[in-house]
Engineer: 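Mind looking over this structure? Questions follow.
In the text below, chain A, chain B and the rest are named by the order of the sequence lines, each starting its count at 1.
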Amino acid sequence: MGITKPIVIEKETAVVDGVDISGAWNRMFEQRVIWDYDLRHMEKVTALEGGESLGWCYQCAKCIAVCPVDIVGDYGPRKIFRKLQTGMDLLESSDLWLCTTCMNCLRVCPKEVNMVEIMPAAREQAILDGKAIPDELQKAFDNISKYGNPQGESARKRADWVKDAGVPVNILPTTKKPVDVLWYVGSYPSYHGRGKDAAKAMARILAALGIDFGILAHEEKEDGDSVRLAGEKGLFEMLAEENIKVFNKYRFKKLVVTGPHEYNAFKHEYPKLGGEYDVLHYTQFLAGHLEQLKPLLRKRVSARVTFHDPCYLGRHNGEYVAPRNLLKAIPGIDVVEMFRCKENGYCCGGGGGGMWLDSFSRDFTSERLSERRVREAVEVGADILAVCCPYEVSRFEDAVKSTGHDGKLVVRDILELIDDSMRM
Amino acid sequence: MPNDVFVVAEHLKNKLSDVTFEMLGKGREIADACGGKLVAVVLGSGTKDLAAQLGVADSVISVDDPALEHFSPEAYRIVLSSVVKDRQPKLTLIANTSMGMDLAAPLSAELNIPLVAYCKGLSADSGNVSVTSQLYAGKVDVESSITSAQAIISVLAGSFAGDAGRSERTPSIEEVRPSTSLNDLRVKFRRLVEPEPSDVDITKEEKLVSIGRGIQSQDNIALAEELAAALGGAISASRPIIDNGWLPKSRQVGKSGMSVKPKLYLTLGISGAPEHVEGMKDAATIIAVNTDPRAPIFDIADYAVVGDLFDIVPALTERIKGAKG
Amino acid sequence: MKILVPMKQVPDLVEELEIDSSGKRLNRDFLKFKLNEFDEHALEEALLLKEQHGGEVVVVTLDMAEADNLLFTAIAKGADKIFKIPGNCDEGIDCHSAAQMFATAAKSIGFDLILTGVQAADDRDGQVGMLLAAFLGLPHVSVVTGLSLEGASAIVHKEYAGGVMAEFEVVLPAVFGIQAARHTPRYAPVSKVRQAWKTSKIETVDGGTVPASNGSVVNRMFKPESGKRAELIEGSPDDVAGKIVDLLKSRGLL
Ligand SMILES: Cc1cc2nc3c(=O)[nH]c(=O)nc-3n(C[C@H](O)[C@H](O)[C@H](O)COP(=O)(O)OP(=O)(O)OC[C@H]3O[C@@H](n4cnc5c(N)ncnc54)[C@H](O)[C@@H]3O)c2cc1C
Ligand code: SF4
Ligand code: SF4
């Protein structure tokens with residue numbers, strides 16, 4: 001973009017339709033023209049399938065007030081639009097990786113600029129062009145494509161947690177029995193130390209409710225939604241095809257998932273590839289069994305609990321009630337809301353591939369999103385930060401430590417709290 | 001000679017490497033068991049002093065030539081190949097090191113002598129030689145026996161005691177001339193490049209002392225540094241230490257940091273979160289120091305010290321310094 | 001410049017290795033194979049050289065397990081041609097035989113430079129790259145961490161213990177055992193790999209016949225004893241320190 005000085009237009013008088021309207025405006029500058037900008041970088045993005053809406057931005061800045069990354073840094077659709085006008089190549093920029101696809105900007109944007117579509121499209125292009133991918137994310141892609149989970153663990157160990165669950169779990173590839181509920185466990189609940197705690201709790205709850213359920217054990221693979229949002233669409237499609245093939249081998253009525261990301265994938269993305277299921281997030285499924293559940297919740301859990309809405313259960317899928325109903329059903333629990341909650345809930349930083357961009361993103365923010373959220377929980381005087389997304393236990397527990405709140409705030413999955421209350 | 005054991009001495013910057021003595025010690029035992037001689041082979045230029053340190057061997061073959069002043073994959077292979085072809089030893093022990101890798105396999109292919117690599121155990125029983133190789137990143141050991149008259153064995157450093165390979169005795173030295181010209185070779189040594197002193201790459205360190213939040217303050221890092229220095233290793237850390245700016249990011253071990261596989265990983269005040277473990281679970285020996293007996297780090301450690309790092313570290317540094325004398 | 005990259009698969013150590021009832025072999029029922037990680041570095045270095053100097057990158061591998069996927073992945077990363085040496089190697093193959101097959105194949109494919117991974121997890125009888133160099137009668141340097149071309153020669157950095165490196169000038173053609181490429185090996189997007197499955201062709205190249213015996217036989221395989229739970233070191237700080245020192249000594253770490 002060449003910098004040209006605007007031409008000054010000065011007139012003695014201003015006469016419109018014979019009326020003299022002279023005033024300060026006699027001295028004007030020529031019209032500022034948008035075509036002064038070199039639009040190459042902008043057009044690179046808007047030309048992508050999914051990238052179009054970035055061009056609609058009219059710079060009102062509503063998005064900046066709600067973008068969770070901007071709250072701890074300098075980010076958001078308006079700023080990206082502006083940087084693209086002034087010479088930033090998004091495909092080469094660190095801005096490409098910072099969006100968590102939390103969708104809060106879309107909620108307030110008058111022009112429907114949709115980062116949840118723009119970012120994955122731009123990232124996919126960067127990956128196909130062979131641009132450098134942050135190491136940690138590349139490792140996750142590699143692990144997921146080789147092993148079906150981001151940790152790079154053996155598929156054969158996917159159901160190892162079952163032996164410590166304390167209740168029998170129906171392994172469908174072994175029993176091949178039709179079931180009412182196919183429970184898709186997910187990678188973090190299958191392999192991560194704290195994730196497994198939630199998986200075991202879920203198994204015990206389902207058993208106590210007498211639900212006829214089964215799991216896919218080694219045949220289950222990462223759902224792929226976060227991988228898709230991080231730009232590896234090909235890998236997402238491969239995982240989806242493989243998971244759909246496996247789902248179709250078994251007979252079940254409902255598909256229940258532990259994680260909101262999986263929920264989002266199975267609900268909105270798998271149907272596009274031919275996999276249609278009656279899918280429920282566990283909070284929805286259990287809330288539907290609240291009457292059977294209540295009598296089992298006998299132990300008081302005396303605590304002030306605040307709940308973090310996962311972006312992919314809340315904003316993306318509109319479910320704010322089920323998790324709260326479950327919490328309220330646990331005797332002794334006093335639920336308090338954080339300042340940012342429900343539709344305006346803050347983001348933990350794990351979505352859209354953020355789970356595998358920890359040290360990358362850290363360099364562009366004053367603190368991690370998870371750390372900010374933990375402070376918010378502490379501010380409302382919570383003893384327990386309750387979550388229902390398997391990414392979050394690890395993120396928040398770590399953030400509790402790094403913000404110096406160990407011993408003051410504990411992070412528990414709602415499953416764990418229910419399970420606690422069931423034990424006499 | 002049909003029962004002799006040859007050991008190829010390895011040296012850099014006029015210093016014999018430890019693995020040379022380790023091979024000599026083991027070679028002594030094997031040569032005796034097979035009723036043969038132990039012969040050390042030194043290639044180089046001006047290597048009298050080095051040859052004199054190989055007294056455990058019955059004799060030393062010294063090929064001293066200006067063209068051999070620096071290790072060269074080609075010149076060294078040519079010379080060694082003619083020595084082995086000439087003398088027909090039963091076993092030729094070569095270190096499985098950077099230099100050794102350029103000798104053992106090419107020699108085996110060229111002379112059609114079988115090679116057993118990654119040797120960590122070696123024994124001979126009435127002339128039958130058995131070799132234990134460490135394969136699959138240490139997950140499986142494979143024991144092989146040699147069925148031919150000659151074999152080359154490439155030996156992993158640190159497998160045998162070095163003491164048995166050292167002696168005050170002066171060996172008898174046989175000077176040998178290279179049988180072919182070493183001019184006009186296709187591989188030319190140019191220079192040695194020293195590593196940049198500030199530039200620690202924790203993925204390449206064999207010993208890491210890794211610190212976590214248990215270290216409490218930046219000032220205390222000096223304690224760990226002193227321990228690492230005594231061990232001859234470097235320090236690495238869990239993420240909170242990097243977050244605090246106490247160490248640079250290049251020292252972070254874990255999911256969002258480096259993956260390391262050192263021979264020794266000694267943790268001080270690290271709890272063992274899954275994100276940390278992901279980056280270090282493949283370390284050969286893990287020793288963990290933590291005050292909390294239930295810390296998950298103990299689930300993957302080989303050795304557990306339940307105790308205060310501020311008590312253990314000074315005592316350990318002291319002892320190591322003493323042991324090294 | 002025609003750069004040939006022979007690639008080899010190794011058992012995937014993410015899976016628990018089991019030893020079969022003969023006690024001499026890995027149980028192949030549970031074995032999963034993957035590309036030797038060092039070969040991935042060799043390919044990366046080859047692609048970087050091609051980007052700098054032009055030419056072509058040709059990949060060749062043995063016919064076993066994931067061979068096709070490995071080759072198509074190489075195409076997705078930027079390799080120009082892919083070859084498979086027929087002859088079922090699923091039962092495993094020693095490194096001398098593999099190197100001989102690669103040598104025969106290399107002669108018929110042609111090359112100016114051969115890059116291999118420095119080693120692999122199952123090289124019981126030596127590293128393939130250096131065996132290959134000897135079978136082809138070519139100069140070689142192993143444990144290479146830096147590589148550049150100057151006319152008809154390559155300048156390589158060979159890494160010794162403690163980070164010291166030796167710089168060599170090597171007349172091409174030659175074989176280098178790559179320890180690490182200049183960059184992390186690049187990522188192959190799944191859609192490109194799938195595209196390669198559809199549009200690229202694997203050529204075959206003969207590896208000749210390979211003599212059977214190699215002069216050593218496997219007596220047994222076993223897992224080195226390793227305590228599942230950590231062994232407790234107890235006592236006063238000084239006792240503990242003493243015990244750690246003993247242990248380090250016994251493991252050759254001091
Ligand atoms: C997405 C993501 C990525 C991450 N990536 C990484 C990563 O790459 N690397 C990483 O390390 N972490 C990573 N983490 C953070 C990880 O979850 C843990 O929070 C972190 O590893 C904890 O570090 P620590 O063990 O030093 O601290 P803590 O967990 O607080 O442990 C300190 C330990 O020190 C012990 N201790 C205290 N005083 C003493 C004493 N005097 N003597 C002996 N022991 C003592 C305590 O018992 C405790 O076990 C990541 C987290 C997330 C969510
Ligand atoms: S809210 Fe929408 S229109 Fe307004 S600045 Fe943000 S992206 Fe642009
Ligand atoms: S989706 Fe969320 S993180 Fe991304 S720009 Fe919008 S508000 Fe910010």
Engineer: Heavy-atom distances under 4.5 Å only: say whether A:Ala132 touches chain C with side chain, backbone, both or neither.
Structural biologist: neither
Engineer: Return the set of residues passing side chain to side chain donor-acceptor pair (under 3.5 Å) with C:Ser22 (not counting sequence neighbours), or none when no residue passes.
Structural biologist: C:Asp20
Engineer: Table up the donor-acceptor pairs between chain C and chain A that sit under 3.5 Å, atom names plus distance.
Structural biologist:
unit_1, atom_1, unit_2, atom_2, d
C:Asp12, OD1, A:Tyr147, OH, 3.1
C:Asp12, OD2, A:Tyr147, OH, 2.7
C:Glu15, OE1, A:Ser154, OG, 2.6
C:Glu15, OE2, A:Ser154, OG, 3.3
C:Lys32, NZ, A:Lys146, O, 3.2
C:Pro185, O, A:Gln138, NE2, 2.8
C:Tyr187, OH, A:Glu232, OE2, 2.7
C:Val190, N, A:Glu232, OE2, 2.8
C:Lys192, NZ, A:Leu128, O, 2.7
C:Arg194, NH1, A:Glu241, OE2, 3.4
C:Arg194, NH2, A:Glu241, OE1, 2.6

Engineer: Please identify each residue that fulfils side chain to side chain contact (heavy atoms under 4.5 Å, CB included) with C:Ile233, with sequence neighbours left out.
Structural biologist: B:Tyr303, B:Val305, C:Val240, C:Lys243, C:Ile244, C:Leu247
Engineer: In chain order, what residues pass the side chain to side chain contact (heavy atoms under 4.5 Å, CB included) check against C:Ile19, with sequence neighbours excluded?
Structural biologist: B:Val140, C:Leu26, C:Met221, C:Lys223
Engineer: Pick from A:Ile133, A:Ile127, A:Leu128: which one has the most heavy-atom pairs with chain C under 4.5 Å?
Structural biologist: A:Leu128
